[in-house]
Number of protein chains: 2
Amino acid sequence: MDITTFGALSEPSRLRIVELLSTGPHTVGEIAERLQIRQPQASKHLKVLLESGLVDVTAEANRRSYSLRMQPLREMDAWLERYRRIWEERYDALEDYLLKLQAADENSDIDSKRKPE
Amino acid sequence: MDITTFGALSEPSRLRIVELLSTGPHTVGEIAERLQIRQPQASKHLKVLLESGLVDVTAEANRRSYSLRMQPLREMDAWLERYRRIWEERYDALEDYLLKLQAADENSDIDSKRKPE
DNA sequence: TTACAATATTCCTTTACAGGAATATTCCTA
DNA sequence: TAGGAATATTCCTGTAAAGGAATATTGTAA
């Protein structure tokens, strides 16, 4: 897991750029307009995203089309695997606990019905 | 998805702390020793992790035990879902393409066997 | 070749953040 | 209650990063 991915995504405009690009490639101008930021800032953020590998460029005449690269996101996904296991484990443990509670509750129900008799 | 999660994980020591805590709770001293950083830096990083919700503390006498919180990681996982769909789509598209190539290849194979005859 | 549109880069200033060293705080035990 | 262990906080300094404004670059069309 390349840590620069986190750095790149830790800036609001850059996160929004990534989300925008998830709908398909866009030019710098479009990105700047959609995000309501100035063109130079858009270019700067795109440079950071490019260097972190989150984005690809292809030049078409005057314009540059930026598109999302999946690899860093896949790596993030792989990195998460370890934690997914943990929370599933914990979920299972909680479930077990609740099942036991429920079982105990049913017993106490039986008791509360028995005693009065 | 809370963007501060990315910020918190974008610092190498903090990422390592999270990974260490994935094996269970640890005290500040243990963390500092394992990561070969000074205790004050460990405390500072833990503070950032705490504020971003990635970590929990429980005080036990003199010591403080830090443990991992799963919620921000689950949110990251949920955030990734959208991208997972994209790369699976792309994978499917690639697969289709390869299958077509293969089919075309088999045809050209037949052709190459036919023509000489 | 000139002019214009789209984008990138530079320079400047301000702010955020990280590490080091020193110190404060909190809790335990003798 | 004095001292020590574990941890947090403060202050300082250096550095990286962000935005604004201006400018450079590149490609296209007249």
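Letters go in sequence order (proteins before strands), and every chain restarts at 1.
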Self-check item: Outermost nucleotides of DNA chain C that come under 4.0 Å of a non-hydrogen atom of chain B
Solution: dA18(C) to dC28(C)

Quiz item: Under 4.0 Å between a side-chain N or O of R14(A) and OP1 or OP2 of dA18(D)?
Solution: yes

Practice problem: Select from N62(A) and V57(A) the residue whose nearest nucleotide in DNA chain C is closer to the 5' end of that strand. | Solution: N62(A)

Exercise. For Q41(A) and for A61(A), locate the closest nucleotide of DNA chain D by heavy-atom distance; then report the residue assigned to the nucleotide nearer the 5' terminus.
Key: Q41(A)

Quiz prompt | Minimum heavy-atom distance R82(A)-E19(B), with the two atoms named | solution = NH2-O, 3.4 Å

Quiz item: Passes side-chain contact (heavy atoms from CB on, under 4.5 Å), L54(B) versus L9(B)? Steps please.
Solution: CA-CA 9 Å; L54(B) 273 162; L9(B) 295 175; 3.9 Å; yes

Self-check item: d(CD, E11(B); P, dA16(D)) in whole Å
Solution: 14 Å

Practice problem: Indicate if L101(B) and L94(B) have the same hydrophobic cluster label, given that clusters are the connected sets of ILVMFWY residues with side-chain heavy-atom separations under 4.5 angstrom. | Solution: yes

Quiz item: In whole Å, what is the span from the CG atom of L35(A) to the P atom of dA18(D)?
Solution: 15 Å

Quiz item: Can you name the nearest heavy-atom pair linking G53(B) to P72(B), along with the distance?
Solution: O-CG, 3.3 Å

Quiz item: Counting only heavy atoms not in Q36(A), do more than 12 sit closer than 6.0 Å to its CD atom?
Solution: no

Quiz item: Between atom NZ in K44(A) and atom C1' in dT25(D), what is the gap in whole Å?
Solution: 16 Å

Quiz item: What is the distance from CG of L49(A) to P of dA17(D), rounded to the nearest Å?
Solution: 14 Å

Quiz item: How close or far is atom P of dA17(D) from atom CZ of F6(A), stated in whole angstroms?
Solution: 17 Å

Practice problem: Ignoring backbone atoms, establish whether H45(A) has a side-chain N or O less than 4.0 Å from OP1 or OP2 of dG19(D). | Solution: yes

Practice problem: Examine dG19(D): is either OP1 or OP2 under 4.0 Å from a nitrogen or oxygen in the side chain of R38(A)? Give yes or no. | Solution: no

Quiz item: Can we say R84(B) and E81(B) salt-bridge, meaning some charged N sits less than 4.0 Å from an Asp/Glu carboxylate O?
Solution: yes

Practice problem: Spell out, yes or no, whether F6(A) and V48(A) are grouped together once hydrophobic residues are joined by side-chain heavy atoms under 4.5 Å, including indirect joins. | Solution: no

Exercise. Could you check how far CZ of R64(A) sits from P of dT25(D), rounded to whole Å?
Key: 14 Å

